[in-house]
Engineer: 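Please find one structure pasted underneath; my questions will follow.
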Amino acid sequence: MLAQQTVLVVGGTGRTGGRVVGQLLDRGVNVVAIVRSAVRLPAGVAGHPGLTVVEADLLSLTDEDLAQHVQGCDAVISCLGHVINLRGIFGPPRDLVTRATSRLCRAIEASKPGEPVKFILMSSVSVDHPGNLDPRRGVLEKVAMWLLSVAIPPTKDNQRAADFLHSDIGTDNAFLQWVAVRPDTLREGDKTDYSLHEFLVSSLFKPDNTNMSNVAHFMCELATNPDTWGDWVGELPVIINPASADSRGGRP
Ligand SMILES: NC(=O)c1ccc[n+]([C@@H]2O[C@H](COP(=O)([O-])OP(=O)(O)OC[C@H]3O[C@@H](n4cnc5c(N)ncnc54)[C@H](OP(=O)(O)O)[C@@H]3O)[C@@H](O)[C@H]2O)c1
């Protein structure tokens, strides 16, 4: 019998993070959720015996507090993101995702787990593979991406968080391993089949769709299924809905 798993989730009050919390609890996984306001957690999870809620501003927690929260967790899932309004996009903290990612990873290292902890980041197709492995974007798209990164702070923040995992954590860290999941345009809707790709398959000008339920399902699979983890560890998989994928294939 598998040992009881515990997963720390940040961003659990968000559209995708809330689905992650619900799906993990449905799988019988213990969840620790650090949230700014517990009332924003999805209906149905409040009072669940497998859920521990820590009501706190993640970036204001001390290093010691963070290390204590990650202690004993098998995986950490971050679905944090800049709230889509003027304050969320242009106000502080502009480095929300990068800072949360680096602090959580350093807290995992400080806790010196016996087995590497899985760190799963919700990233975006606006993020380029830090190893320059994606197909080259066209000139117009490159210009558009550059303008976006200058004008829209979350674009640069998401890229820096992925760069941090790729360059600073790398693939031979004794205490943690990572996957950065890159969905395309997020949609409501039920869990469907979905396809996974090692590299970008669409362009900024012809985006694909990704149901948030599918992102949550894949993140939960990464956290709980060793085969799925083994397939994607250290990578930045792109996840899209099947109707979007048409004949472009994808990794099973
Ligand atoms: N929109 C898209 O089409 C798209 C596509 C691909 C990837 N993404 C990426 O996916 C991620 C998640 O998207 P989503 O739509 O599921 O997120 P969302 O619903 O906007 O939720 C954002 C989460 O981040 C938390 N948060 C925001 N600012 C915070 C802060 N300063 N301190 C602590 N927590 C904070 C929010 O907490 P509160 O409830 O307390 O505000 C919430 O839990 C984002 O990083 C986004 O870049 C988006």
Side-chain angles (χ1 to χ4, degrees), residues 8-23 31-43 45-46 51 53-61 65-66 69 76-104 119-128 145 148-149 152-162 164-165 179-189 194 196-197 200-204 206-220 236-241 244:
L8 174 70
V9 179
V10 298
T13 53
R15 300 181 306 161
T16 313
R19 288 167 161 90
V20 168
V21 172
Q23 290 189 25
V31 176
V32 179
I34 302 178
V35 297
R36 292 192 289 190
S37 170
V39 293
R40 287 206 287 273
L41 279 163
V45 305
L51 177 65
V53 179
V54 178
E55 218 168 12
D57 181 348
L58 181 73
L59 296 184
S60 302
L61 287 173
D65 282 342
L66 262 189
H69 292 311
V76 174
I77 298 182
S78 173
C79 294
L80 276 186
H82 298 257
V83 177
I84 306 296
N85 58 32
L86 274 180
R87 191 159 167 232
I89 294 174
F90 296 105
R94 287 188 166 195
D95 58 353
L96 168 68
V97 181
T98 309
R99 196 137 47 106
T101 299
S102 64
R103 290 204 62 210
L104 284 164
F119 184 85
I120 302 160
L121 175 68
M122 181 157 177
S123 182
S124 165
V125 289
S126 68
V127 166
D128 289 326
M145 290 300 301
L148 273 181
S149 73
I152 312 285
T155 312
K156 193 183 274 183
D157 186 22
N158 282 331
Q159 183 67 54
R160 284 187 171 155
F164 169 81
L165 290 175
V179 172
V181 176
R182 294 188 287 175
D184 210 310
T185 310
L186 293 177
R187 298 283 182 219
E188 298 286 337
Y194 51 83
L196 299 167
H197 306 259
L200 293 176
V201 286
S202 58
S203 86
L204 187 65
K206 200 166 176 274
D208 285 304
N209 294 322
T210 310
N211 285 5
M212 288 174 263
S213 300
N214 293 340
V215 181
H217 182 270
F218 179 46
M219 289 180 129
C220 293
L236 294 94
V238 170
I239 171 170
I240 54 178
N241 288 350
S244 302

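Whatever order the structure lists ligands and atoms in, that order sets their numbers, starting from 1.
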Engineer: Do any pairs count as a salt bridge (Lys or Arg N to Asp or Glu O under 4.0 Å) and have a residue in residues 79-99, sequence neighbours left out, and if so which ones?
Structural biologist: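 Every salt bridge (Lys or Arg N to Asp or Glu O under 4.0 Å) pair that includes a residue of residues 79-99, provided the two are not neighbours, is Asp95-Arg99.
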Engineer: Do you see a donor-acceptor pair shorter than 3.5 Å between the side chains of Asn209 and Arg187?
Structural biologist: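 The criterion, which ignores hydrogens and geometry beyond distance, is satisfied for Arg187 and Asn209.
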Engineer: Do Met122 and Cys79 touch side chain to side chain, with heavy atoms closer than 4.5 Å?
Structural biologist: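 In contact.
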Engineer: Starting from the C-alpha separation in whole Å, work towards a yes-or-no answer on side chain to side chain contact (heavy atoms under 4.5 Å, CB included) for Val215 and Arg19.
Structural biologist: CA-CA 9 Å; Val215 181; Arg19 288 167 161 90; over 6 Å; no
Engineer: Side chains of Ser202 and Asp184: do they bring a donor and an acceptor to under 3.5 Å?
Structural biologist: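 Note: Ser202 and Asp184 side chains meet the donor-acceptor criterion.
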Engineer: Using only heavy-atom distances, determine whether the side chains of Asn241 and Asp208 contain a donor-acceptor pair under 3.5 Å.
Structural biologist: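 The answer is no; no qualifying pair exists.
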Engineer: Filter the ligand 1-protein atom pairs down to N or O on both sides and distance under 3.5 Å, then list them.
Structural biologist:
{"from": "ligand 1", "atom 1": "3 (O)", "to": "Leu186", "atom 2": "N", "distance (Å)": "3.0"}
{"from": "ligand 1", "atom 1": "15 (O)", "to": "Arg15", "atom 2": "NE", "distance (Å)": "3.0"}
{"from": "ligand 1", "atom 1": "15 (O)", "to": "Arg15", "atom 2": "NH2", "distance (Å)": "3.0"}
{"from": "ligand 1", "atom 1": "16 (O)", "to": "Thr16", "atom 2": "N", "distance (Å)": "3.0"}
{"from": "ligand 1", "atom 1": "16 (O)", "to": "Thr16", "atom 2": "OG1", "distance (Å)": "2.7"}
{"from": "ligand 1", "atom 1": "19 (O)", "to": "Arg15", "atom 2": "N", "distance (Å)": "2.8"}
{"from": "ligand 1", "atom 1": "24 (O)", "to": "Gly81", "atom 2": "N", "distance (Å)": "3.2"}
{"from": "ligand 1", "atom 1": "24 (O)", "to": "Gly81", "atom 2": "O", "distance (Å)": "3.2"}
{"from": "ligand 1", "atom 1": "28 (N)", "to": "Arg36", "atom 2": "NH2", "distance (Å)": "3.4"}
{"from": "ligand 1", "atom 1": "31 (N)", "to": "Arg36", "atom 2": "NH1", "distance (Å)": "3.4"}
{"from": "ligand 1", "atom 1": "37 (O)", "to": "Thr13", "atom 2": "OG1", "distance (Å)": "3.2"}
{"from": "ligand 1", "atom 1": "39 (O)", "to": "Thr13", "atom 2": "OG1", "distance (Å)": "2.6"}
{"from": "ligand 1", "atom 1": "39 (O)", "to": "Arg40", "atom 2": "NE", "distance (Å)": "2.9"}
{"from": "ligand 1", "atom 1": "40 (O)", "to": "Arg36", "atom 2": "NE", "distance (Å)": "2.9"}
{"from": "ligand 1", "atom 1": "40 (O)", "to": "Arg36", "atom 2": "NH2", "distance (Å)": "3.4"}
{"from": "ligand 1", "atom 1": "40 (O)", "to": "Arg40", "atom 2": "NH2", "distance (Å)": "2.6"}
{"from": "ligand 1", "atom 1": "41 (O)", "to": "Arg36", "atom 2": "NH2", "distance (Å)": "2.8"}
{"from": "ligand 1", "atom 1": "43 (O)", "to": "Gly11", "atom 2": "O", "distance (Å)": "3.3"}
{"from": "ligand 1", "atom 1": "43 (O)", "to": "Thr13", "atom 2": "OG1", "distance (Å)": "2.7"}
{"from": "ligand 1", "atom 1": "43 (O)", "to": "Gly14", "atom 2": "N", "distance (Å)": "3.0"}
{"from": "ligand 1", "atom 1": "45 (O)", "to": "Leu80", "atom 2": "O", "distance (Å)": "3.1"}
{"from": "ligand 1", "atom 1": "47 (O)", "to": "Asn158", "atom 2": "ND2", "distance (Å)": "3.1"}

